Amino acid sequence: MLLRTISDRYPISISDRDTSTKSKLLGDILREKPQEADGIDSVVVVDNVPQVGPERLEKLKNVIHKIFSKFGKITTEFYPEADGLTKGYIFLEYAAPTQALEAVKNADGYKLDKQHTFRVNLFTDFDKYMNISDEWETPEKQPFKDFGNMRHWIEDQDCRDQYSVIFEAGERTAIFANDAKEPITFEERARWTETYVRWSPKGTYLATFHQRGIALWGGEKFKQIQRFSHQGVSLIDFSPCERYVVTFSPLIDTKEDPQAIIIWDILTGQKKRGFHCESSAHWPIFKWSHDGKFFARMTPDTLSIYETPSMGLLDKKSLKINGIKDFSWSPGDNILAFWVPEDKDIPARVTLMQMPSRHEIRVRNLFNVVDCKLHWQRNGDYLCVKVDRTPKGTQGVVTNFEIFRMREKQVPVDAMEMKESIIAFAWEPNGSKFAVLHGESPRINASFYNVRNNGKIDLLKMFDKQQANSIFWSPQGQFLVLAGLRSMNGALAFVDTSDCIMMNIAEHYMASDVEWDPTGRYVVTSVSWWSHKVDNAYWLWTFQGRLLQKNNKDRFCQLLWRPRPPTLLSADQIKNIKKDLKKYSKIFEQKDRLSQSKASKELVDKRRTMMEEYHRYRETAQQVYQEQKTIRLELRGGVDTDELDSNVDDWEEETIEFFINEEIIPLGDLKLNNLKWQKNSSMGRTCKLHTKDLHIHLGASSHGVK
């Protein structure tokens with residue numbers, strides 16, 4: 001009843017006899033002969049279908065075929081009837097089981113009209129549900145895998161952040177704990193990854209790449225947490241909630257079973273869904289909402305939004321948007337921003353759409369548009385649309401910044417025109433300021449602006465003649481680095497935007513990358529072996545631009561800071577901490593002094609060790625000296641000369657004094673008288689010159705003149 005029988009499709013009778021002979025004659029037919037499971041696995045049952053009579057049956061079939069043919073080739077359709085009406089359910093057979101599974105995933109819950117919402121199931125599911133036992137069976141206990149503390153690095157008493165380093169051209173990968181004096185090796189392995197590594201958004205997992213797929217590592221000892229088999233994988237992306245990971249491979253993809261892009265469940269390791277992908281030029285192909293509930297993909301004239309955990313299309317249908325060029329999710333809300341270019345007399349427009357309601361909360365029309373770029377502030381408080389325009393009657397391109405104030409009623413938009421070409425734009429992560437690099441080399445200017453609540457955009461400061469092509473804000477805001485990477489020879493400018501002063505100007509020759517640590521206290525500049533084959537190293541700086549370390553690594557390739565999860569503190573708690581910052585700073589200063597004393601203690605310990613080694617050597621030498629005393633006495637005729645005061649009893653003390661000459665010394669008004677010689681009991685003479693107030697002794701001895 002459900003399917004055509006095999007004999008209907010293949011009228012030639014094929015018995016088990018003479019199989020080998022008939023295989024030669026009917027090889028092509030035998031290869032296409034369906035197995036019993038093939039037909040059943042390819043059948044879906046669609047319930048809640050409208051009950052119609054013969055006059056409307058053909059129209060219903062056309063509608064059903066249009067909906068379900070999107071998922072694959074339908075080979076058989078069966079509409080059961082009773083009393084001149086369809087029964088309200090139908091059977092559809094696809095060419096392949098994977099197509100039937102795709103129909104179930106995407107069409108289940110499809111709303112045909114107000115009275116009819118489809119329920120779609122595989123035909124094989126009916127057997128599974130019919131064979132369920134009426135008796136409860138306790139599920140088998142699964143062994144618990146303890147991977148240790150997955151957030152262990154957050155509990156470091158000295159608040160050291162971690163970072164990964166790939167060096168020796170990818171042969172070695174190490175995890176270091178950051179320290180102002182020198183990095184502390186936490187883990188190091190050979191051939192840990194075949195290409196590069198990637199941290200998950202909250203820092204829980206470290207992803208490594210291999211020819212056969214992806215591996216995730218974590219815990220205190222970096223044990224393997226999960227593996228995902230995807231041959232030739234080259235790109236990955238995590239959902240912001242760390243629940244899903246997306247992998248891309250250019251090697252494997254079939255029409256029936258899409259394998260180019262696969263979305264995996266990180267906790268279970270199961271494949272959630274596969275997608276086709278012709279090019280990965282604009283990775284990531286899927287863009288995630290801030291909470292990981294939705295992800296979207298853009299194709300020509302279509303924006304497809306999927307929901308988790310079903311991985312099906314939101315409301316079972318895509319958005320038809322003619323000419324859509326780009327889109328982006330708000331980092332703070334489930335709001336989509338997309339732009340569409342001009343079409344004849346219809347102006348270009350930027351649209352903000354709330355999800356999942358698909359309600360348009362703001363539309364901005366734009367004219368004479370060449371291109372648009374969407375720049376969200378990290379908290380989603382502002383959206384800047386960089387609009388390149390060619391005004392009528394003028395030559396060249398003019399840039400406008402359209403600033404959407406997302407937290408205000410009706411989302412007001414402020415416009416600012418820039419007549420110079422724009423090199424880089426970046427929002428302050430936690431504030432209302434933004435930085436712009438504009439102009440042409442060598443006259444590149446860096447300007448800093450602030451957006452007021454009343455819509456006024458103030459220019460705070462402009463630095464002219466900067467050697468910079470990139471802007472890197474501290475994750476905590478206020479501080480930034482203007483960097484001239486690669487072709488600009490690694491010029492660095494450290495800026496404090498609170499009063500717009502340059503704290504320091506430095507250089508890291510041929511620097512290719514700049515990476516801030518999660519706290520905003522340190523920043524790393526590096527020269528990657530992947531972009532430059534000499535001078536490969538990474539340097540550690542303070543946020544003020546003071547160089548702390550130069551770490552040279554053989555064929556250094558990549559450095560990535562380990563992200564931190566969002567704070568568990570409320571806004572009020574953070575406010576109180578900032579209020580009592582002086583109290584906490586004293587504790588930190590004490591810790592800093594303690595760390596310095598620890599360094600002094602290490603030096604003292606080193607010196608003490610050297611002194612102890614000397615004393616041990618001295619004792620050994622003295623022991624040998626005492627053992628040789630007998631030999632010394634024999635050589636010196638029994639006289640002990642080991643000590644200076646040996647044989648004191650045999651000593652005779654004799655003092656000899658004798659007169660050398662006489663000299664008359666004029667002493668001004670002082671008159672010398674009573675010059676007398678007197679004989680000493682010992683040999684020698686002494687001359688005494690007597691005056692009223694002065695006595696001078698002149699004399700000589702065998703030891704010299706006194």
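Remember, it's a predicted structure, so these values are computed and weren't measured experimentally.
- Here the CD-CD distance, from Gln354 to Glu360, works out to 12.0 Å after rounding to the nearest 0.5 Å.
- Within the 4.5 Å cutoff, the side chain of Pro240 has no heavy atoms near those of the His290 side chain.
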#### Entry: Candidate pair Trp376 and Ser330, rule side-chain hydrogen bond (donor to acceptor under 3.5 Å, both in side chains), full reasoning
CA-CA 7 Å; Trp376 283 98; Ser330 164; 5.9 Å; no
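- Annotation: Arg407, atom CZ; neighbour count of heavy atoms from other residues, nucleotides and ligands within 6.0 Å is above 12.
- Remark: the backbone N or O of Asn379 is paired with a side-chain donor or acceptor of Gln377 at under 3.5 angstrom.
- Judged purely by distance below 3.5 Å, without hydrogens or angles, the side chains of Asn334 and Asp291 pair a donor atom with an acceptor atom.
- Taking the side chain as every heavy atom from C-beta outward, Phe126 and Thr124 never approach each other to under 4.5 Å.
- Nearest approach of Arg297 to Cys277, heavy atoms of both residues: NH2-CA, 3.8 Å.
- The two residues Met416 and Ile457 make their nearest non-hydrogen contact at SD-CG2, 3.8 Å.
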### Query
Given Phe147 and Tyr205, is the ring-ring contact (aromatic ring centres under 6.0 Å, His included) satisfied, shown in steps?
CA-CA 11 Å; Phe147 297 111; Tyr205 307 105; 9.2 Å; no
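- With ring centers used as reference points, Trp427 lies under 6.0 Å from Tyr382.
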### Query
Can you list the steps and then say if Lys73 with Glu93 is a salt bridge (Lys or Arg N to Asp or Glu O under 4.0 Å)?
CA-CA 9 Å; Lys73 182 181 179 182; Glu93 181 185 4; over 6 Å; no
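- Separating the CH2 atom in Trp339 from the CG atom in Leu366 is a distance of 9.0 Å, to the nearest 0.5 Å.
- For the pair Leu383/Val411, no side-chain contact is recorded, criterion being any heavy-atom separation below 4.5 Å from C-beta on.
- Ring geometry for Phe401 versus Phe425: interplanar angle of 30 to 60°, hence tilted.
- Put simply, OG1 on Thr75 and OH on Tyr94 are 10.0 Å apart, with the number rounded to the nearest 0.5 Å.
- Under the 4.0 Å criterion applied to side-chain N and carboxylate O atoms, Lys61 and Glu58 are not assigned as salt-bridge partners.
- Atom CZ of residue Phe238 and atom NZ of residue Lys202 lie 12.5 Å apart, to the nearest 0.5 angstrom.
- Nearest heavy-atom pair across Asn368 and Pro391 is ND2-CA, 4.2 Å.
- At least one side-chain heavy atom of Met355 sits under 4.5 Å from a side-chain heavy atom of Leu314.
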### Query
Would Arg405 and Glu408 count as a salt bridge (Lys or Arg N to Asp or Glu O under 4.0 Å) if you check the C-alpha gap in whole Å, the side-chain angles of each, and the deciding distance to 0.1 Å?
CA-CA 6 Å; Arg405 288 178 274 146; Glu408 298 183 34; 2.8 Å; yes
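- The shortest side-chain heavy-atom distance between Val49 and His116 does not fall under the 4.5 Å cut-off.
- Under a cut-off of 6.0 angstrom, the local environment of CZ in Arg349 is sparse, with at most 12 non-hydrogen atoms contributed by other residues, nucleotides or ligands.
- What you find for Glu242 and Ser200 is that their closest heavy atoms are OE2-OG, 2.6 Å.
- Ring centers of Phe248 and Phe286: at least 6.0 Å apart, outside the cut-off.
- Contact between Lys316 and Tyr110 at its shortest, heavy atoms only, is CB-CD1, 3.7 Å.
- Atom CZ of Arg151 has more than 12 heavy atoms from other residues, nucleotides or ligands within 6.0 Å.
- Side-chain contact check for Ser304 versus Leu313: some heavy-atom pair is nearer than 4.5 Å.
- Counting heavy atoms of neighbouring residues, nucleotides and ligands inside a 6.0 Å radius, atom CD of Gln410 does not exceed 12 of them.
- We find that Lys293 and Glu307 are not joined by a salt bridge, their nearest charged nitrogen and carboxylate oxygen being 4.0 Å or further apart.
- Counting non-hydrogen atoms of neighbouring residues, nucleotides and ligands closer than 6.0 angstrom, the NZ atom of Lys373 reaches no more than 12 such neighbours.
- For Asn62, the CG atom sits in a packed shell: over 12 heavy atoms of surrounding residues, nucleotides or ligands are nearer than 6.0 Å.
- Here the side chains of Asp343 and Asn322 are not in contact, with every heavy-atom distance at 4.5 Å or above.
- Judged by a 6.0 Å distance limit and a 45° cone about the ring axis, Lys287 is positioned over the six-membered ring of Phe327.
- A donor atom on one side chain and an acceptor atom on the other are found under 3.5 Å apart for Trp217 and Thr208.
- Val52 has its side chain out of reach of Leu85: every pair of non-hydrogen atoms, C-beta onward, lies at least 4.5 Å apart.
- In this pair, Phe295 and Trp288 present their aromatic rings tilted. The plane angle is within the 30 to 60° band.
- A 6.0 Å sphere centred on CZ of Arg56 holds no more than 12 heavy atoms belonging to other residues, nucleotides or ligands.
- Between Asp388 and Lys386, at least one side-chain N (NZ, or NE/NH1/NH2) sits under 4.0 Å from a carboxylate O, which counts as a salt bridge.
- Minimum heavy-atom separation, Asp315 to Pro356: OD2-O, 4.2 Å.
- In this structure, Phe209 has its ring center under 6.0 Å from that of Tyr196.
- Between Asp265 atom CG and Thr268 atom OG1 the span is 3.5 Å, to the nearest 0.5 Å.
- Interatomic distance, Gln99 CD to Leu101 CG, rounded to the nearest 0.5 Å: 11.0 Å.
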